[in-house]
Amino acid sequence: MPIRFYNTLTNRLEDFNSVEPNVVRMYSCGPTVYDFAHIGNFRSFLFADLIRRFLEVQGYDVDHVMNITDVGHMTEDHLADGGGEDKMELAAQRLKEDKKSGKVPDGAIENPDDPYQVAQYFTDAFLGDARKLGLKIAFEYPEKIPHATNHIEDMQLMIAELLKNGHAYVGADQAVYYSVESFPNYGKLSGNSLDQLREGSGGRVEQKDQSNKKHPGDFLLWKPDQSHIMKWDSPWGTGYPGWHIECSVMAKKLLGRDVIDIHTGGEDLIFPHHECEIAQSCGTSGEESFARFWMHARFLLVEGEKMSKSKGNFFTVRDVLSGKVTGRDVHPAVLRYELLRSHYRSNMNFTEKGLRDSAGAVRKLTELNARLEEQTGGEAAQIDNSYPVVAEFLQALSDDLNISGALGCLFTWISQKPDNPHEALAALRIINKILDVAPMEHAQELADSEEASDAGGLDIKGLCQGIDAARANKDYAKADELRDQLQDAGYEVRNSPEGTVATKQLA
RNA sequence: GGUGCGGUGGCCAAGUGGCCUAAGGCGAUGGAUUGCAAAUCCAUUAUUCGCGGGUUCGAAUCCCGCUCGCACCUCCA
């Protein structure tokens, strides 16, 4: 069965074929590093991770690149594409406050007024979160995760080329703009036409801010601005690059092609960001397309509402993992599963209940894996992707990443009790290369690098033995008391013929 | 106003013309088990697919209208 993906460019499901056989070049719009990434960001990154892992299991060699946006930019880009406050400056203020209140550990950041330190601080935080959640690309930093600020020179080269071939001009304010009218396909990705965009902008974009541009839709490539914290010399004055140019440049440079296979991002990036990337990349390459497939993840809601800081439903990965939602620590595999389990093109509703459901599913998979490992001594049979449950799982994903269908096959199979544990283990391992929850590929090394202090001073084994002793003496009040202690500490307590066992709750 | 996506059980969600009196997960209920629980196992849990028309021998699945939700059109994954 062919792989089909929904292509935003054509608004259709299309058979997926890579430009070069067996190799997929994929670019994902990554985080801005002025703050901690939130779970909505990670849903989009995890969606890219799912594509990648799926294609890898299908036999593709996936070259994946994700950018770090660390150029400061401005908070209100509609003001002549660059008014308002500098985001790096805001981040510095926040960090200083957090440093004072002790939220930022000592030594984590020396000087919050240095934007490069701020960017690195949040980049490290992002990588830490991403690795915990099993984002494969996070283990390929910095090779596959470039910083925009390391590619300013190449951006300038592309801007110069756009000026040379007539796609860009210097406005009355000395800033360099891309001329959308020079690119006939502008609007194709988002389904907008220049006329509609002009109307849509009516009333919302002030006339005086537009007077420097030929068309209201023209967007910034280079802004001369001495006041910006991060600034670079250029033929058009000392200043900073426009937001969209970094992706065009880094995709081409790191993936080594003018036409890549897949480009991913959140749905909000369709317009203007990706529309502008296409205009820039095709404006320099002369190719018909920049990415053959544009794939976008829909936004995440929290308890049915859009996530926002003012509503108090704004969660970072570390918030969730440290129990801000559930009241107790959440295992990274649970959050990974939760963010992965719903189809990328529907709104996902992130809820506390959903998180607990996911914990149940992850536990089920984890225990199956443990059981099979034990039964087989870790010796898996030799099977390939045509093995029934694997084939069904992959077939579901082949249909535009139908993850629910895939999970449906998986759980149906689990409930049927495998008759050959060696084959079952092999099948589970293949499927887990994609899901990466039972167990997580890098869980052990990450756990080793962290202080394991989650027991909170409790002697888990001792308490379990205490329960067994009390039960043997029929002192049930004592046994219940000890069990309550363990449960309050977030442990699940089970009796078995071999004695009481306590395991940490997943969520 | 323009553009795009979607509305299936208590919740999440698959199914895109007959195998659907609708997969799977979670939950709930009853039973086995247990000192009691937990875990586990067994059983039950939508004659119905936002609403109204139409096409068809046959529709959750195709068409038309309506309605509700979401997103983008301004920085945002």
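Atoms considered below: every heavy atom in the structure, side chains included; atoms not considered: hydrogens, waters and symmetry mates. Below, read A as the first sequence line, B as the second, and so on, with proteins coming before strands; counting in each chain starts at 1.
- In this structure, A/Arg12 atom CZ and B/rC5 atom C1' are separated by 16 Å, rounded to whole Å.
- Across all strands shown, A/Arg371 has no heavy atoms under 4.0 Å from either base or sugar-phosphate atoms.
- The main-chain N or O of A/Tyr34 is found under 3.5 Å from a side-chain atom of A/Arg94 such that the two form a donor-acceptor pair.
- Nucleic acid contact for A/Tyr6: sugar-phosphate only, since backbone atoms but no base atoms lie under 4.0 Å from a heavy atom of the residue.
- The residue A/Leu301 sits apart from the nucleic acid: no heavy atom pair falls under 4.0 Å.
- Residues A/Glu338 and A/Arg341 are paired through a salt bridge, judged by an N-O separation under 4.0 Å between the basic side chain and the carboxylate.
- Between A/Asp399 and A/Arg4 there is a salt bridge, with a side-chain nitrogen of the basic residue lying less than 4.0 Å from a carboxylate oxygen of the acidic one.
- A/Gln487 has its CD atom 12 Å from the C1' atom of B/rC36, to the nearest Å.
- One can place NE2 of A/His274 at 19 Å from P of B/rA71, the figure rounded to the nearest angstrom.
- Smallest separation of non-hydrogen atoms from A/His274 and A/Leu189: CB-CD2, 3.4 Å.
- Within 6.0 Å of the NZ atom in A/Lys478, the count of heavy atoms belonging to other residues, nucleotides or ligands does not exceed 12.
- The nucleotide whose nearest atom lies closest to any side-chain atom of A/Asp268 is, among B/rA37, B/rA77, B/rC75, B/rA77.
- Closest non-hydrogen pair, A/Tyr178 versus A/Ala279, comes out as OH-O, 2.6 Å.
- For A/Val334 against A/Leu355, the heavy-atom pair with the smallest separation is CG1-O, 3.4 Å.
- Taking 4.0 angstrom as the limit, A/Asn347 places none of its side-chain polar atoms (N or O) nearer than this to OP1 or OP2 of B/rC70.
- Heavy atoms only, all atoms of each residue included: A/Met26 and A/Ala48 are closest at CE-O, 3.2 Å.
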For A/Ile278 and A/Phe183, what are the C-alpha separation, side-chain angles and deciding distance, and is it a side-chain contact (heavy atoms from CB on, under 4.5 Å)? CA-CA 10 Å; A/Ile278 292 172; A/Phe183 186 70; 4.0 Å; yes

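- A donor-acceptor contact under 3.5 Å links the side chain of A/Asp480 to the base of B/rG35.
- One can place CH2 of A/Trp294 at 18 Å from P of B/rC5, the figure rounded to the nearest angstrom.
- Taking the C1' atom of each, B/rU8 and B/rA13 are spaced 9 Å apart, rounded to whole Å.
- Distance alone, capped at 3.5 Å, is enough to place a donor-acceptor pair between the A/Asn67 side chain and the A/Gly30 backbone.
- Residue A/Asp399 has its side chain nearest to B/rG15 when only B/rA37, B/rC5, B/rG15 are considered.
- For RNA chain B, runs of at least 3 consecutive pairs of the Watson-Crick or G-U wobble type, with both hydrogen-bonding distances under 3.5 angstrom, map to B:1-7 with B:67-73, B:10-12 with B:24-26, B:27-32 with B:40-45, B:50-54 with B:62-66.
- When distances are taken from the side chain of A/Phe299 to each of B/rA39, B/rA13, B/rA77, the shortest belongs to B/rA77.
- Across the protein-nucleic acid pair, A/Asn495 atom CG and B/rA39 atom P stand 12 Å apart, rounded to whole Å.
- In this structure, the nucleotide among B/rA39, B/rC75, B/rA77 sitting nearest to the side chain of A/Leu269 is B/rA77.
- Of the C1' atoms belonging to B/rG10 and B/rG54, the separation is 34 Å, rounded to the nearest Å.
- With both ends at atom C1', the span from B/rC75 to B/rG27 equals 41 Å, rounded to whole Å.
- B/rU56 sits 28 Å from B/rG15 when the P atoms are compared, rounded to a whole Å.
- The distance between atom CG of A/Asp484 and atom P of B/rA37, rounded to the nearest whole Å, is 14 Å.
- For the P atom pair drawn from B/rA43 and B/rG25, the interatomic distance equals 12 Å after rounding to whole Å.
- Smallest separation of non-hydrogen atoms from A/Cys247 and A/Phe290: O-CZ, 4.5 Å.
- B/rC12 and B/rC36: their C1' atoms are spaced 33 Å apart (whole Å).
- Nearer the 5' end of RNA chain B, as judged by each residue's closest nucleotide, is the contact made by A/Asn402, out of A/Ser496 and A/Asn402.
- The only member of A/Phe36, A/Phe126, A/Phe47 that meets ring-ring contact (aromatic ring centres under 6.0 Å, His included) when paired with A/Phe42 is A/Phe126.
- Using C1' as the reference atom, B/rG4 and B/rA46 are 31 Å apart when rounded to the nearest Å.
- Spacing of C1' atoms, B/rA60 relative to B/rG50, comes out at 12 Å, to the nearest Å.
- Side-chain atoms of A/Arg345 stay outside donor-acceptor range of the base of B/rC5, with no qualifying N/O pair under 3.5 Å.
- Sequence order on RNA chain B of the closest nucleotides to A/Ile270 and A/Val493 puts A/Val493 first from the 5' end.
- Counting any heavy atom pair closer than 4.0 Å across all strands shown, A/His38 reaches a base atom.
- Spacing between atom CD of A/Gln416 and atom C1' of B/rG24 amounts to 11 Å, rounded to whole angstrom units.
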Is there any protein nitrogen or oxygen under 3.5 Å from a nitrogen or oxygen in nucleotides 25-29 of chain B, and what are the pairs?
from: B/rC26; atom 1: OP1; to: A/Lys364; atom 2: NZ; distance (Å): 3.3
from: B/rC26; atom 1: O2'; to: A/Asp357; atom 2: OD1; distance (Å): 2.1
from: B/rC26; atom 1: O2'; to: A/Asp357; atom 2: OD2; distance (Å): 3.4

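- Between B/rA14, B/rA37, B/rA38, one nucleotide has an atom nearer to the side chain of A/Glu492 than all others, and that is B/rA38.
- What separates CD of A/Glu338 from C1' of B/rC12 is a distance of 9 Å, to the nearest Å.
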